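For reference, the structure discussed in these notes is given below.
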Number of protein chains: 2
Amino acid sequence: MARLDLFKFVPFRLNRLAAEVSTALSSEYQQRYGLDIPEWRVLATLGFRAEACSAQYIAHCTRTHKSTISRAVTALMARQLVERVENKDDRREFALRMTRKGRALYQRLIPRLLRKEWEIMSCLTATERKDFARMLGKIEDSLDLVQASQDAGKAGEY
Amino acid sequence: MARLDLFKFVPFRLNRLAAEVSTALSSEYQQRYGLDIPEWRVLATLGFRAEACSAQYIAHCTRTHKSTISRAVTALMARQLVERVENKDDRREFALRMTRKGRALYQRLIPRLLRKEWEIMSCLTATERKDFARMLGKIEDSLDLVQASQDAGKAGEY
DNA sequence: GCCAATTAGTCGCAATTGCAACTATCTTAA
DNA sequence: TTAAGATAGTTGCAATTGCGACTAATTGGC
């Protein structure tokens, strides 16, 4: 008789945990700054990379559908948090970057999110946190999740 | 200058990983058996517990909204995979249990899902898998995720 | 140089799902 | 006993988001 304990089943646990953690974080970027998850992902990507990057790049490396990113960018431009510049070499794509206003919001938001992450992970010891991150990395590798991000990072690609 | 590397940010990584793992599993229960995630959660809960249980119980312990569970139960009853019996003591609630047909499907599905889970986790050593599960448990505990499940298990509650 | 295939981005549509209101039922307290 | 509040389950509505078709632009093979 095959039997499966949902509470010991890793896929279920990951789903439940991710949902819970997302909810915990959304109180920061959603309630406080009116950003939804895709919008936050766009800002996070633009904020970390020095150079401007395209919507397609953001879609690939955050694994978010391009239509979702498109709508997020539209909303962020409407709020003047992000601007886009035409690319003379390829007029299909636009280089995206944060405005001064967007960067200011980003600077206020990041410390809050890092603190939240810290709160969530503080139940683990320093060694455990390191191990946990390493194991996540191994699973990501085996599922090619990192590969996708790194492909997206290659110069000229995407 | 605060800065956040999305690819090292645990909440983002959990989200992305959970989504990817869900996709990997859905090829089993979705494509092969026409079950969506809420339906699968109902069957998983009914299959693991010996006794019948209410929709509310399933909603609480899987952390899924009661309206979502309600729709899943309706669909499963339409396919005669699940049946419900009136509770004489409390006519608001129904005891749910799998039919013979539902149990047969469950028996075919479980080994496939356990194999998928194994494939995903096989990139870790046995020790790592144990540690990973333990750390997940610690994080769940600190977020009261397990608490919620156990509350839901208390006799008479929910 | 030209046509087919590819790619960036947008948008309409549909599926999913959370929220909140609603009904029916039960519980508690005066 | 009765009225107020709580609870199980259903359903309409709206928000989110993935899919796929579409336009515009680019690239590559011939």
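Lettering follows sequence order; numbering is per chain, from 1. The structure displayed is predicted, hence computed values, not measured ones.
In this structure, A:L96 places its CG atom 11 Å from C1' of C:dA8, rounding to the nearest Å. When rounded to the nearest whole Å, the span between CG of B:N87 and C1' of D:dG9 equals 13 Å.
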I'd like a list of close polar pairs between nucleotides 1-5 of chain D and the protein, N/O only, cut-off under 3.5 Å.
none

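Salt bridge present: A:E20 and B:R63 bring a charged side-chain N and a carboxylate O closer than 4.0 Å. A salt bridge is absent between B:R71 and B:E39; no separation between the charged side-chain nitrogens and carboxylate oxygens falls under 4.0 Å. Salt-bridge annotation for B:E51 and B:R97: absent, with no side-chain N of the basic residue lying under 4.0 Å from a carboxylate O of the acidic one. A salt bridge links B:E128 with A:K138: the closest approach of a Lys/Arg side-chain nitrogen to an acidic carboxylate oxygen falls below 4.0 angstrom.
With a 6.0 Å cutoff to the six-membered ring centre and a 45° limit on the axis angle, A:R49 counts as a cation-pi contact of A:Y57. With a 6.0 Å cutoff to the six-membered ring centre and a 45° limit on the axis angle, B:R79 does not count as a cation-pi contact of B:Y33. Taking the centre and axis of the six-membered ring of A:F48, the NZ or CZ atom of B:R3 falls inside the cone set by 45° and 6.0 Å.
Axis angle across the helix from C:dG1-D:dC30 to C:dA30-D:dT1, with five pairs used at each end and values rounded to 10°: 20°.
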Next item on the list: Using a 4.0 Å cut-off on protein heavy atoms (strictly under), produce a 5'-to-3' string for nucleotides 11-22 of chain D with B for base contact, S for backbone-only sugar-phosphate contact, and - for none.
Entry: BB----BBBB--
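Separating the OG atom in A:S70 from the CD1 atom in A:I58 is a distance of 11.0 Å, to the nearest 0.5 Å. Interatomic distance, CG of A:L136 versus CE of B:M135, reported as 10.0 Å (0.5 Å rounding).
The side chain of B:R91 approaches C:dT25 more closely than any other nucleotide in the set C:dG9, D:dA25, C:dT25.
Judged by distance alone, with hydrogens and angles left aside, B:R92 brings a side-chain donor or acceptor within reach of the base of D:dT7, the pair sitting under 3.5 Å.
Ring geometry for B:F7 against B:F12 counts as tilted: the plane angle lies between 30° and 60°, on a 0 to 90° scale.
For C:dT17, the OP1/OP2 oxygens have no side-chain nitrogen or oxygen of B:R41 closer than 4.0 Å.
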